[in-house]
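Structure, as structure tokens:
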Amino acid sequence: MEFKTIPCHESLRPFIRNYWMLSAQCTATGTQQIFSNGAASLQFYLSQDIRIDDGDRLYRTVLFHQNMQKVGVVTAEGPFITFGAEFVPFCSRVFFPNEMTSIYTSPEDLQDEEFIKVSKNIYEAGSTEERVDLLDHFFLKRLALFPEGDINMERLSDVFDNMVPTDGSTARPPHSQNEFSPADLASTACLSQKQFTRVFNKYVGMNPKSYLRLMRFHKALMEIQATSDSSSLTNIAWGCGYYDLAHMASDFRDICGFSPSELIRHGQELTETFGQKFSGLMKKKIKIENLI
């Protein structure tokens, strides 16, 4: 499996973390288990159609929204090549302003003719460079239409600068996630907690409490990746703000489908989480499993 990030146009960087390419060879029908990393993402499946969560419908382009739920992407035997974009957590609505009720959707579901057209052009493009140019042009055109001075975007920018910078790295990593609470974040945004929860849900796609839970999980995940030592799991749980190891293990199973010890045991297979090129940034963690 090969995974690489690609910079977007400089004018898009306050809103999009990066573009990326994932290439793999599937030896049989298999499932990518994708779990949330705190940001919405757009994925173009270049080499084959995919199914989601064992459904019958085939997809080529999918916009994944923010959610705590795991998603299973079912692929066929053969090459698997994906081109994608990962958004700053509260910024996908800059480019896709329609309200979205599902954790994943297609251009056809949105009845978005421009989105349908750029998807078709990206599949027909002859190189990664051409695909990057197509996506840059699409996003820059939509950015120009977004109204200036959106006060809630400014508020959330202040919140995320404190909690998780736009590049995905964790703010002040030595500190426990208990440092933040929904009330703290609402105060930073100069909103009541009720107002802030409504704004956060609208722009990010989950409530502040769930997002902080996800942040705590990713902080623990990075520390586990750094140590790969099951004997230190209790200390990691305490250091990341969990009540005990059992609570951390329960959180891990809910979010990614593996316990911490299972992640360590199978770490060499989880190349985007534990591989040599792991960057420490919060990005999608993907595992391809063969189905029997």
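- Between the E262 side chain and the S259 main chain, a donor and an acceptor come within less than 3.5 Å of each other.
- With hydrogens and angles ignored, the 3.5 Å screen pairs a side-chain donor or acceptor of Q48 with a backbone N or O of P79.
- Every residue meeting the side chain to side chain donor-acceptor pair (under 3.5 Å) condition with D244, not counting sequence neighbours, appears here in chain and number order: H247.
- In this structure, V73 and Y59 have side chains that are not in contact, with every pair of non-hydrogen atoms separated by 4.5 Å or more.
- Closest approach of I116 and P107 over heavy atoms only: CG1-CB, 3.6 Å.
- The closest side-chain heavy-atom distance from L191 to R155 is below 4.5 Å.
- For an aromatic pair to be called close, the ring centres must be under 6.0 Å apart, and F15 with F87 fails this.
- Between the CG atom in D133 and the OG atom in S127 there is a gap of 8.0 Å [rounded to 0.5 Å].
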Hey, mind stepping through F64 and Q43 against side-chain contact (heavy atoms from CB on, under 4.5 Å) and telling me if it holds? CA-CA 8 Å; F64 288 101; Q43 301 188 18; 3.7 Å; yes

Using the side-chain contact (heavy atoms from CB on, under 4.5 Å) rule, take I16 and F139 through it: C-alpha gap first, then chi angles, then the decisive distance, then the call. CA-CA 9 Å; I16 298 174; F139 285 140; 3.4 Å; yes

Output, in order, the C-alpha distance, side-chain angles, deciding distance and verdict of side-chain contact (heavy atoms from CB on, under 4.5 Å) for N18 and I6. CA-CA 6 Å; N18 53 58; I6 305 163; over 6 Å; no

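- Taking both residues in full, the closest heavy atoms of E130 and G126 are given as OE1-N, 3.1 Å, listed atom of the first, atom of the second, then distance.
- Rounding to the nearest 0.5 Å places CG of L22 at 5.0 Å from OG1 of T82.
- Checking F217, F35, F258 one by one against F252, the ring-ring contact (aromatic ring centres under 6.0 Å, His included) holds for a single residue, F217.
- Hydrophobic clustering (ILVMFWY, side-chain heavy atoms < 4.5 Å, transitive): L143 and L110 are in one cluster.
- Every residue was checked against the salt bridge (Lys or Arg N to Asp or Glu O under 4.0 Å) condition with K70, not counting sequence neighbours, and none meets it.
- Side-chain atoms of N37 and E86 form a donor-acceptor pair, as typed in the model, at a separation below 3.5 Å.
- Residues V74 and I50 have side chains not in contact (no heavy-atom distance under 4.5 Å, counting atoms from C-beta outward).
- For I81, the side chain to side chain contact (heavy atoms under 4.5 Å, CB included) partners two or more places apart in sequence, or in a different chain, are M21, S23, L46, S47.
- Considering only heavy atoms from C-beta on, I236 comes within 4.5 Å of M248 through its side chain.
- Using modelled atom types, one finds a donor on one side chain and an acceptor on the other under 3.5 Å when comparing S181 with D184.
- Residues S192 and Q195 have side chains that bring a donor and an acceptor to within less than 3.5 angstrom of each other.
- Contact record, A249 with P260: CA-CD, 3.6 Å, taken as the closest heavy-atom pair.
- Legend: residues meeting salt bridge (Lys or Arg N to Asp or Glu O under 4.0 Å) with D254, ordered by chain and number and at least two apart, are R213.
- In this structure the side chain of V88 reaches within 4.5 angstrom of the side chain of F90, judged on heavy atoms.
- Legend: residues meeting salt bridge (Lys or Arg N to Asp or Glu O under 4.0 Å) with R142, ordered by chain and number and at least two apart, are D112, E114.
- Looking at heavy atoms from C-beta onward, T105 lies out of side-chain contact with V62 at the 4.5 angstrom threshold.
- When all heavy atoms of S102 and H65 are compared, the closest pair comes out as O-CD2, 2.5 Å.
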Could you walk me through whether K117 and E113 pass the salt bridge (Lys or Arg N to Asp or Glu O under 4.0 Å) test, one step at a time? CA-CA 6 Å; K117 182 178 179 180; E113 293 301 323; over 6 Å; no

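- Both tests hold for R60 against Y123: distance to the six-membered ring centre under 6.0 Å, angle to the ring axis within 45°.
- To the nearest 0.5 Å, atom CG of residue L63 and atom CD1 of residue I103 are 11.5 Å apart.
- For the pair S261 and L233, the tightest heavy-atom approach, listed with the atom from each and the gap, is N-CD1, 4.0 Å.
- With sequence neighbours left out, R93 forms a side chain to side chain contact (heavy atoms under 4.5 Å, CB included) with E99, K202, Y203.
- Here CZ of F95 is found 11.0 Å from CG of L145. Values are rounded to the nearest 0.5 Å.
- Taking the six-membered ring where tryptophan is involved, the planes of F160 and Y211 are perpendicular, since the angle between them exceeds 60° and thus also 30°.
- Taking F96 as the reference, F115 meet the ring-ring contact (aromatic ring centres under 6.0 Å, His included) condition, with sequence neighbours excluded.
- Contact of the T61 side chain with the Y45 side chain is not registered, since no non-hydrogen atoms from C-beta on lie closer than 4.5 Å.
- Annotation: the span from S232 atom OG to I224 atom CD1 amounts to 8.0 Å, rounded to 0.5 Å.
- When the salt bridge (Lys or Arg N to Asp or Glu O under 4.0 Å) test is applied to D53, no partner is found at least two apart in sequence or on another chain.
- Both tests pass for R216 against the ring of Y242: distance under 6.0 Å to the centre and angle within 45° of the axis.
- H137 contributes no side-chain N or O that, together with a main-chain N or O of V118, makes up a donor-acceptor pair within less than 3.5 Å.
- H9 is linked by a side chain to side chain contact (heavy atoms under 4.5 Å, CB included) to S11, L12, D136, L140, counting only residues two or more places apart in sequence or in another chain.
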side-chain contact (heavy atoms from CB on, under 4.5 Å), that's the test. Do Y19 and V132 meet it? Break it down for me. CA-CA 8 Å; Y19 301 149; V132 168; 3.9 Å; yes

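- Remark: the backbone N or O of A125 is paired with a side-chain donor or acceptor of R131 at under 3.5 angstrom.
- The CG atom of D251 lies 4.5 Å from the CD1 atom of I255; values are rounded to the nearest 0.5 Å.
- No donor-acceptor contact under 3.5 angstrom links the side chains of R198 and N201, judged on distance only.
- E10 pairs by the side chain to side chain contact (heavy atoms under 4.5 Å, CB included) definition with R13, not counting sequence neighbours.
- Residues that satisfy the side chain to side chain donor-acceptor pair (under 3.5 Å) test with S210, not counting sequence neighbours, are N207.
- Taking 4.5 Å as the limit, every side-chain heavy atom of N121 sits out of range of all side-chain heavy atoms of F138.
- Nearest heavy atom pair, residue S36 against residue H218, reads O-NE2, 3.0 Å.
- Qualifying side chain to side chain donor-acceptor pair (under 3.5 Å) partners for T188, counting only residues two or more places apart in sequence or in other chains: none.
- Between R57 and S106, the side chains place a donor N or O and an acceptor N or O closer than 3.5 Å (distance only, hydrogens not considered).
- Salt-bridge check for E223 with K219: passed, with a basic side-chain N closer than 4.0 Å to an acidic carboxylate O.
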